[in-house]
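Working notes, structure below.
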Amino acid sequence: MAAPALSSRAGSAGSSPTATPSSTKHVPQSPELDFRSGTRIEELNRLIAEFSKHEQREYDDQRALEIHTAKDFIFSMLGMVQKLDQKLPVANEYLLLSGGVREGVVDMDLDELTVYARGADYDMDFTLLVPALKLHDRNQPVTLDMRHSALCHSWLSLRLFDEGTINKWKDCCTVVDHVNGATNYFFSPTLVADWFYESISMVLAEIQKKPQRGVPRVEKVERNATVISIILGVGGSRMLYDVVPVVSFKGWPAVAQSWLMENHFWDGKITEEEVISGFYLLPACSSTGQKENEWRLSFARSEVQLKKCISASLMQAYQACKALIIKLLSRPKAISPYHLRSLMLWACDRLPHTYLAQEDYAAHFLLGLIDDLQHCLVNKTCPNYFIPQCNMLEHLSDDTAMLHARKLSSVRSDPAEHLRSAIEHAKAASRLTLELQWRGGSSNLSSPLSETGADQQPDDRLAKKLQQLVTENPGKSISVFINPDDVTRPHFRIDDKFF
């Protein structure tokens, strides 16, 4: 909470109310302060802006090509997984999110995830939701069995599916026999994750048996609970992909229907059809549920749309606050960045758009998010944004909640110092990335356009490739980008696509 600025009309004691302007002493306006810490709001705004500058990664053409190459590799790998046993849908719809699972882009438990550090382990991170089952026919009766689950969770029975689907997936199901002799197959998140990890590992092993120029190097494949984490080396970049098997639905679940009846900050900015286009079941369990059967509802597709309506200054404050809590509240893992994301969405509903749109209010938003999170910890209450009756902190013990609340209190008492520490960590991660690239990381990946003939000169290859592209793409804009430090690695852009 910011202290109000002192009035510039204040005068010395005993001054006459009828004093002439020339006799009135001018008192300069005091800077706006944070009441709790005494920090200048202007200084907090400056630190948040500096943190954002170091966190934002401007992608040059080379980095854009590397991102594109890694994405194509992952998608090709999943195509090969589908061909192994035809389990995955032939025509699938992946959701690619910027930021890994550890960054809170989806609501998953972080307890069993290996800790990765930006700079030391990877340079960029993504989350990819891969539907194992797609239920996109609105006319198909699909029942979410929530009788055995906590709120926001469900079992998924395959009894309404055809025999072909059941036979294809029965080895990834738990079986329950009814008294009447019928057998019910429940789609198991843990068994699906087992199959997915084994299939991905098998495909990657085959790819590595026949290494090809231009193919990303697989630096790590690791299973973290139901998440498969893959780190790829592409040129001078390391990309972390958290690949998550999910169940994809069109439409909206009945349990969240009442949320649509309320007023929201996105009303009039995007359509309801965009917000409720679909949802997922994530392979995550409640604190009291059965891991082998329970899935967690996710509205990640909706959150992508809602993000379009959040102001830049609030997003900057959210990113800065996330950096503070990830390190501070990492042990024991009770608070995830997804809790903070939910609080940000609730704040958007609670506060006027004109207030949240102010560009120089990032400091106020940061302090407010810290206050909101501390309030949630003290009261052990953090409602899910889409299903408010679901309390995401209900499982916390009193001791754990108070431990985190006290840690957060230290941040609130000196937010500037914690921001400076976050800035230094961001700088260190960037320096480490640059050092690894300088040591020759970019030499590990030859250009996807390189020819194998040793007697062919780089200039000849470039000319021939350019001639081929011009012939094959009449009337299109073609650009050639060459790294002056390495002229053997040209790449091309045709309209908006890189090659």
inquiry  = I'd like to know if Asp123 pairs up with Arg63 as an ion pair, taking the criterion as any Lys NZ or Arg NE/NH1/NH2 lying under 4.0 Å from an Asp or Glu carboxylate oxygen.
reply    = no
ask   = Which residue pairs pass the ring-ring contact (aromatic ring centres under 6.0 Å, His included) test when at least one of the two sits in residues 191-238, sequence neighbours left out?
value = Trp169-Trp195
message = Walk me through whether Val130 and Leu95 qualify under side-chain contact (heavy atoms from CB on, under 4.5 Å).
response = CA-CA 7 Å; Val130 179; Leu95 182 63; over 6 Å; no
inquiry  = Please find the pair of heavy atoms, one from Leu88 and one from Pro131, that lie closest to each other, and give the distance.
reply    = CD2-O, 3.7 Å
task = For side-chain contact (heavy atoms from CB on, under 4.5 Å), just list the numbers for Val243 and Leu129, CA-CA rounded to whole Å, side-chain angles, deciding distance to a tenth of an Å, and then say yes or no.
result = CA-CA 6 Å; Val243 187; Leu129 303 187; over 6 Å; no
task = Kindly give the heavy-atom pair with the smallest separation between Pro388 and Trp346, and that separation in Å.
result = CG-CH2, 3.8 Å
message = Can you confirm whether Arg159 sits close enough to Ile166 that some side-chain heavy atom of one is under 4.5 Å from a side-chain heavy atom of the other?
response = no
request  = Please lay out, stage by stage, how Leu191 and Asp171 fare under the test side-chain contact (heavy atoms from CB on, under 4.5 Å).
outcome  = CA-CA 8 Å; Leu191 293 178; Asp171 59 336; over 6 Å; no
request  = Would you indicate whether the side-chain heavy atoms of Ser302 and Ile276 approach each other to under 4.5 Å?
outcome  = no
query = Salt bridge check: are Lys168 and Asp162 linked by an N-O gap of less than 4.0 Å?
reply = no
ask   = Hey, mind stepping through Met146 and His153 against side-chain contact (heavy atoms from CB on, under 4.5 Å) and telling me if it holds?
value = CA-CA 7 Å; Met146 299 183 173; His153 297 80; over 6 Å; no
query = Can you name the closest pair of heavy atoms from Leu369 and Cys321 and give their distance?
reply = CB-SG, 4.1 Å
request  = Could you tell me whether the side chains of Thr127 and Asp242 share a donor-acceptor contact shorter than 3.5 Å?
outcome  = no
key: Arg238 bridged to Glu219 by N-O distance under 4.0 Å   = no
key: Spacing of SG belonging to Cys376 relative to CD1 belonging to Ile335, to within rounding of 0.5 Å   = 8.0 Å
note = The reported gap from CG in Asp371 to CG in Leu343 (rounded to nearest 0.5 angstrom) is 11.0 Å
request  = Please answer whether the main-chain N or O of Gly104 pairs with a side-chain N or O of Lys322 as donor and acceptor at a distance below 3.5 Å.
outcome  = no
key: Heavy-atom side-chain proximity of Glu294 to Ser154 below 4.5 angstrom   = no
key: Check: Lys308/Gln305 side-chain N/O donor and acceptor closer than 3.5 Å   = yes
message = Main chain of Gln316, side chain of Ser52: is a donor-acceptor contact present, judged purely on distance under 3.5 Å?
response = no
request  = Kindly indicate whether the side chain of Phe73, heavy atoms from C-beta on, has any atom under 4.5 Å from the side chain of Leu204.
outcome  = yes
query = Considering all heavy atoms of both residues, which atom of Ala401 and which atom of Leu377 are nearest to each other, and what is their separation?
reply = CB-O, 3.4 Å
inquiry  = Please check: side-chain N/O of Asn391 versus main-chain N/O of Lys380, any donor-acceptor pairing under 3.5 Å?
reply    = yes
ask   = Is the closest basic N to carboxylate O distance between Arg350 and Asp372 below 4.0 Å?
value = yes
ask   = Should the heavy atoms of other residues, nucleotides or ligands under 6.0 Å from CD of Gln257 be counted, would the total exceed 12?
value = yes
request  = Mark yes or no for whether His339, through its side chain, and Ser336, through its backbone, hold a donor-acceptor pair below 3.5 Å.
outcome  = yes
note = In this structure, CG of Asn384 is separated from CG of Leu393 (nearest 0.5 Å) by 11.0 Å
request  = Supply the atom-to-atom distance Asn293 CG to Cys285 SG, rounded to the nearest 0.5 angstrom.
outcome  = 9.0 Å
request  = Ignoring hydrogens and angles, tell me if any N or O in the side chain of Ser311 forms a donor-acceptor pair with the backbone of Leu356 under 3.5 Å.
outcome  = yes
request  = Would you confirm whether Gln374, through its side chain, and Ala405, through its main-chain N or O, come within 3.5 Å as a donor-acceptor pair?
outcome  = yes
key: Verdict with supporting geometry, Tyr116 and Glu222, side chain to side chain donor-acceptor pair (under 3.5 Å)   = CA-CA 12 Å; Tyr116 295 146; Glu222 189 172 51; 2.3 Å; yes
task = For residues Leu345 and Ile310, determine if any side-chain heavy atom of one lies less than 4.5 Å from a side-chain heavy atom of the other.
result = yes
query = Sub-3.5 Å donor-acceptor pair from the side chain of Arg301 to the main-chain atoms of Glu303, do we have one?
reply = no
query = When you measure from the side chain of Ser188 to the backbone N and O of Glu292, does any donor-acceptor pair fall under 3.5 Å?
reply = yes
query = Does His375 have any ring pair (Phe, Tyr, Trp, His ring centres under 6.0 Å) partners at least two apart in sequence or in another chain, and if so, which?
reply = none
request  = Grab the two heavy atoms, one from Val101 and one from Met108, that are nearest each other, plus how far apart they are.
outcome  = CG1-CB, 4.1 Å
remark   = Contacts of Trp266 meeting ring pair (Phe, Tyr, Trp, His ring centres under 6.0 Å) (sequence neighbours excluded), chain-then-number -> Trp259, His264
query = Between Glu66 and Thr69, does any side-chain donor sit less than 3.5 Å from a side-chain acceptor?
reply = no
ask   = When rounded to the nearest 0.5 angstrom, what distance separates CG in Leu78 from OH in Tyr94?
value = 4.5 Å
task = Name all pairs fulfilling the ring-ring contact (aromatic ring centres under 6.0 Å, His included) condition that reach into residues 277-301, sequence neighbours left out, sorted by first residue then second.
result = Phe187-Trp295, Phe249-Phe279, Trp252-Phe299, Phe299-Phe386
key: Check: Lys87 side chain, Gln82 main-chain N or O, donor-acceptor pair, under 3.5 Å   = no
query = Between the side chains of Ser286 and Arg296, does any donor sit under 3.5 Å from an acceptor?
reply = no
task = Kindly check if the number of other-residue, nucleotide or ligand heavy atoms within 6.0 Å of NZ (Lys427) is above 12?
result = yes
key: Residues that Phe186 engages under ring pair (Phe, Tyr, Trp, His ring centres under 6.0 Å), provided they are two or more places apart   = Trp155
query = Taking all atoms of both residues into account, what is the closest heavy-atom pair of Lys250 and Ser277, and its distance?
reply = CD-O, 3.5 Å
task = With the side chain counted from C-beta on, respond yes when Cys309 and Phe265 share a heavy-atom pair under 4.5 Å apart, and no when they do not.
result = yes
query = Among pairs that include at least one residue of residues 257-270, which meet salt bridge (charged side-chain N to carboxylate O under 4.0 Å, His left out), considering only residues two or more places apart or in two chains?
reply = none
request  = Any chance you could measure Leu324, atom CG, to His418, atom NE2, to the nearest 0.5 Å?
outcome  = 7.5 Å
key: Given Met77, Glu198, Gln208, the one that forms side-chain contact (heavy atoms from CB on, under 4.5 Å) with Val203   = Met77
query = Can you find a pair of side-chain heavy atoms, one from Met124 and one from Leu240, that are under 4.5 Å apart?
reply = no
Backbone N/O of Thr190 and side chain of Thr226: donor-acceptor pair under 3.5 Å = no
message = Does Arg102 form a salt bridge (Lys or Arg N to Asp or Glu O under 4.0 Å) with Asp125? I'd like the steps, not just the answer.
response = CA-CA 9 Å; Arg102 296 157 189 79; Asp125 52 338; over 6 Å; no
query = Can you tell if the side chain of Lys220 reaches within under 4.5 Å of the side chain of Ile230, non-hydrogen atoms only?
reply = no
